[in-house]
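What follows is one structure encoded as structure tokens, with my remarks underneath.
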Amino acid sequence: MPELPEVEITRRQIEPLLVGRKIRRVETTKPSYFFLTPPALLAKKLVGRRITALERLGKYLIARLDDGSRLLLHLGMTGQLFGSGVSSVRLLSAARRSALAPEAQPAFEPDLHTHLRLYFADRGPVVLFRDVRKFGKCGLLPRDGADERLEKLGVDALSARGEDLFKAAALRKIPIKTLLLDQSVIAGVGNIYADEALFLAGVLPTRPAKRVTLPECKAIVKAAKRVMRRSIATGGSSISDYIQPDGRDGGYQDERRVYAREGEPCRACRTKIRRVVLGGRSTHFCPRCQP
DNA sequence: ACCGCACCCTGAGCGC
DNA sequence: TGCGCTCAGGGTGCGG
């Protein structure tokens with residue numbers, strides 16, 4: 001679910017709930033493919049540590065700990081990171097939602113999808129990491145330990161240049177959209193913002209990467225930064241699961257130009273938006289604005 | 001090296 | 001009501 005804008009908003013809002021605080025207790029669900037570090041070991045290593053910083057690299061969050069180790073977090077498709085006490089219907093199953101009185105806003109109670117709970121020495125707000133599909137990741141990187149996931153990330157999308165994309169595009173016949181999703185080229189771009197950026201740049205997503213010119217690559221990267229900055233400003237895209245850590249919905253879903261708008265009129269020319277599948281991902285474009 | 005595809009997992013929404 | 005199917009903001013690992 002979350003792409004760079006959603007992860008950056010999460011970073012900004014969770015930072016004050018983490019940085020400077022000392023972990024008193026850790027609760028997890030049972031071992032699963034969500035945990036890069038076995039949860040019992042993770043809990044043992046985290047207790048007593050103080051968090052000194054929260055950084056973002058592409059779609060990864062990295063919490064620095066006072067012993068030099070780092071807690072690596074990835075939200076995957078359905079990950080939600082928030083403080084205790086928030087309430088949102090997006091934290092409830094459809095069954096629980098419909099059973100609820102329209103006005104009711106009960107505070108979230110940790111459920112079977114809440115894989116990580118951090119309790120702090122100051123007895124203040126608890127930090128919760130919930131992830132229904134478990135495509136998210138949670139693991140501890142030892143002090144001085146490199147991580148190949150982070151090592152192979154390309155330049156962060158917010159500081160990327162057109163040349164970065166153009167260089168990677170050389171000799172590649174994959175669709176430009178697929179290349180945009182490659183985190184080892186530009187980190188942070190996901191399915192929504194790739195489609196939105198290509199629309200704004202006027203480039204057809206199916207075009208073979210090697211046939212995209214440098215000026216077009218510059219336009220694509222510029223457009224990607226523009227939609228992402230705008231998304232951050234509006235709180236991100238709340239389409240199915242994403243909420244801001246404070247429980248509020250984002251607002252960027254209302255500004256989408258092509259993503260998940262198949263059959264609806266293009267906001268620029270009224271042509272019907274089309275959908276194709278590229279690299280196994282839904283891809284949306286306007287056949288007239290993106291020739 | 002590159003490319004396409006299956007797979008990891010759970011739930012919502014649809015047609016019948 | 002219920003079943004079976006498709007789809008979903010991501011990433012990895014496998015064959016050809």
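Worth knowing before you read on, the calculation uses all heavy atoms, side chains too, and leaves out hydrogens, waters and symmetry mates. Being a predicted model, the structure only gives us computed values, none of them experimental. Proteins come first, then strands; the chains are lettered A, B, ... in the order of their sequence lines, and each starts at number 1.
The shortest distance between the side-chain N/O atoms of H113(A) and the OP1/OP2 oxygens of dT10(B) is not below 4.0 Å. Note on K134(A): every side-chain N or O is 4.0 Å or more away from OP1 and OP2 of dC8(B). One finds no side-chain N or O of T78(A) lying less than 4.0 angstrom from the OP1 or OP2 phosphate oxygen of dT10(B).
In this structure, CG of L179(A) is placed 15 Å from P of dG11(C), rounded to the nearest angstrom. Rounded to an integer number of Å, the gap from L36(A) CG to dT12(C) C1' is 12 Å. Distance, L181(A) CG to dC3(B) P: 14 Å, rounded to whole Å. Computed from coordinates, the R96(A) CZ to dA12(B) C1' distance equals 17 Å when rounded to whole Å. Remark: C1' of dA8(C) and NE2 of H284(A) are 11 Å apart, rounded to the nearest angstrom. Y242(A) places its OH atom 17 Å from the C1' atom of dA8(C), with the value rounded to the nearest Å. Between the CG atom of L92(A) and the P atom of dT10(B) there is a distance of 19 Å, rounded to whole Å. Regarding L75(A), its CG atom lies at a distance of 16 Å from the C1' atom of dA8(C), rounded to whole Å.
The residue K137(A) sits apart from the nucleic acid: no heavy atom pair falls under 4.0 Å. Backbone-only contact: S93(A) has heavy atoms under 4.0 Å from sugar-phosphate atoms and none from a base. Across all strands, S32(A) comes closer than 4.0 Å to no nucleic acid atom at all (heavy-atom distances). G280(A) comes within 4.0 angstrom of no nucleic acid atom, judged by non-hydrogen atoms across all strands. Using a 4.0 Å heavy-atom distance criterion, R275(A) is classed as a sugar-phosphate-only contact. Looking at heavy-atom distances under 4.0 Å, Y193(A) makes no contact with the nucleic acid at all. Using a 4.0 Å heavy-atom distance criterion, I239(A) is classed as a base contact.
For the pair R257(A) and F199(A), the NZ or CZ position fails the cation-pi test of under 6.0 Å to the six-membered ring centre and within 45 degrees of the ring normal.
In the model, T78(A) has no side-chain atom that pairs as donor or acceptor with a side-chain atom of D241(A) under 3.5 Å. Side-chain contact annotation: S282(A) with R275(A), donor-acceptor N/O pair under 3.5 Å present. Looking only at atom types and distance, the side chain of Q253(A) has no donor-acceptor partner in the side chain of S237(A) under 3.5 Å away.
Nearest to the side chain of K59(A), among dC7(C), dG11(C), dC3(B), sits dG11(C). Closest approach to the Q183(A) side chain among dG11(B), dG11(C), dC7(C) is made by dG11(C) (side chain taken as heavy atoms from C-beta onward). Taking only side-chain atoms of F135(A), from C-beta outward, the nucleotide of dC9(B), dG4(B), dG11(C) with the closest atom is dC9(B). The R133(A) side chain lies nearest to dT10(B) when the options are dG11(C), dG4(B), dT10(B).
In terms of position on DNA chain C, the residue among R90(A) and R149(A) whose nearest nucleotide sits closer to the 5' end is R90(A). Toward the 5′ end of DNA chain B lies the nearest nucleotide of Y33(A), the other residue of the pair A94(A) and Y33(A) mapping further downstream.
Straight-line distance between the P atoms of dC9(B) and dC3(C): roughly 23 Å, to the nearest whole Å.
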Evaluate ring pair (Phe, Tyr, Trp, His ring centres under 6.0 Å) for Y193(A) paired with Y252(A), printing each intermediate quantity in order. CA-CA 11 Å; Y193(A) 302 106; Y252(A) 196 76; 5.8 Å; yes

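In this structure, H284(A) has its ring center under 6.0 Å from that of Y259(A).
Summarising the base pairing, dC5(B) is matched to dG13(C) through a Watson-Crick or G-U wobble pair whose two defining distances lie under 3.5 Å.
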